[in-house]
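Have a look at the structure below, then the notes.
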Amino acid sequence: MLEKIIVMFTGLLSQFAPAQEQYPKNYFRSPIDTSIVLAGNFAELRPNHFHMGIDIKTNNHEGMPVHAAADGYVSRVKFSSFGYGKVLYVTHPNGYVSVYGHLSSFNDSIGVYMKTRQYASKTVELELFPKPNELPVKKGEVIAYSGNTGNSGGPHIHFEIREEKTEKATNPLLWGFEVKDNKKPQVTRVKIYPADENARVNGKNEALELQVNQGKQGFTTSAKEPVLVSGPIYFGLQAFDTETYGGGKNGVYSIELWVNKKLIYHHEMDKIGFDEMRTINSFIELPEYQKTGKLIQRSYVEPNNRLQIYKFVSNRGVINFNTDSTYKVEYILKDIEGNTTTVKFPVKSVPTDASTKTSDSTGCSSFFSYDKKNSYHTSDFMIDMPENVLYNNICFIYSSSLTNTKGYYSNLHHVHAATLPVNDFFTISIKSKPVPDSLKKHLFIAKIHPGGRKEYIGGEWHDDLLTAKTKEFGDYAICADTVAPVIIPVNINPGKKIGAQKSIELKITDNLSGLAHYEAYLDGNWILMDYEYKQNKLFYIIDRSKQYNPFNKQDEKHLFKLQATDKAGNTRVYKTTLVL
Ligand SMILES: [Zn+2]
């Protein structure tokens, strides 16, 4: 019997990720000289993605020296207004790549390498892949300075360790970085979900949320009586972890679910692929997050959820309650240091009452299978979806409504529900109302959010159809942007003497589609002007060095010109004369 159980057990385990990988503990050094305090940890739950590294605090300051974690070479360097901002990738001989994001600047040799190529190509937002012999680095060498560039909510260093071949991000804390942690994970809520239309939670086919409190006996729920469950049920919880210092609500490393001492579910946040990152939307309860901002982690694995964090999952996390008895449900949460929290609560199983079964009467526009290509076409709308874009099979529901509102150039198309997660891009095409050719180039497909906010998606014309790619269900229509970006000078004005000034700064905003491209010139010479989207700011650090001085010597007056174009093709030119 015991033998049989072991065989079954290993059989199930083989579908899941192997046991925690052992990494050498001293191969990488910390990218900073002071002790590491985390502002965020690996696999923390973020909008539309798991966090793929650790966020290291820099005392709320920029300019902290950033050291190479080990010998290697700079294999990628990127200058971007969004995402990781200014970022460096260092490839190491052990098959891993360390990543340093949101930097303010690079060291001299990397800085010169980048700047030369930016000026040569007249491109600010550049991504380069240096060869192994071009920018070698030594362990501990200062390669950059910390900052707050790109999509960053305050000064910090984003640090990752990726597998070079697979591009999967590993949990950096498995590599032996010292982060003091004597605090246990905290649980604030558990939630009990019916897995299909026949399941009941306290008599209803609805999920039930329970507050979790810490008492003398440890963590338990606020429910006075055991919750009644029948049919297929799964569980979820809201939890976070904190380290000794930092005080942030970070992610929990390991979560196990046991029912009557039987393991149902176990994940560990060891490694996540960039193609798996968006599966967060299946991992959490997306509708709840969209409605209330609560991140409930479900101990439930949808059929096409390909995350490799699962160590063990029985029946995708679904338990069939069909007896007449009480079950002990137990969640065990651990941080990476092994600090452990247990939440215990009972549920009372009641046998399924056949008469309560509801039939699935919802009318589908089409049935979409996650493992097949799916499409649905009408006379003025098309959706085309590659295989493996959905996490589960769905009854696809579509409708459209007429729009007489100003600013809409098509019907409003209701494409399933914005609450249903989608893993990757699919294509939608919308037929436009008759419009003059001069307007056509300013039209685009917009996602229409509740309340009417229009979000630019894109669009390519095929006759009178506009086609774009999106990763979200929801409402879509064709809209127009005919207003060019607005440029407001901050520290210059016509005829201003700028001889003592360090920089030239302007504010730039766009009403709808957003900034697509800009270029700036002094006396006709291209200048490297940086864009900080969080402040809508464009700035040029005046460079009077021999190589990059943009001012023509023979002129007394100097012409500054900035040209900016939005995503709908509207261009604004700002020109002014400056004096040195
Ligand atoms: Zn980060």
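Basis for what follows: all heavy atoms, side chains included, without hydrogens, waters or symmetry-related copies. For reference, positions follow the sequence shown, starting with 1. Since this is a predicted model, take the numbers as computed values, not measurements. Atoms within a ligand are numbered from 1 in the order they appear, just like the ligands themselves.
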>> Before we go on, tell me: are the rings of Tyr193 and Tyr300 under 6.0 Å apart, centre to centre?
In response: no
> Are Tyr113 and Phe106 close enough that their ring centres sit under 6.0 Å apart?
Replying inline: no
> Mind checking whether Tyr265 and Phe235 have ring centres under 6.0 Å apart?
Replying inline: no
>> Is His51 close enough to the Zn ion (ligand 1) that one of its N, O or S atoms comes in under 2.8 Å?
In response: yes
>> Strictly below 4.0 Å, N to O, side chains only: are Glu256 and Lys311 in salt-bridge contact?
In response: no
>> For the Zn ion (ligand 1), give me the closest N/O/S atom belonging to His158, just the atom name.
In response: ND1
> Out of the N/O/S atoms in Asp55, what is the name of the one closest to the Zn ion (ligand 1)?
Replying inline: OD1
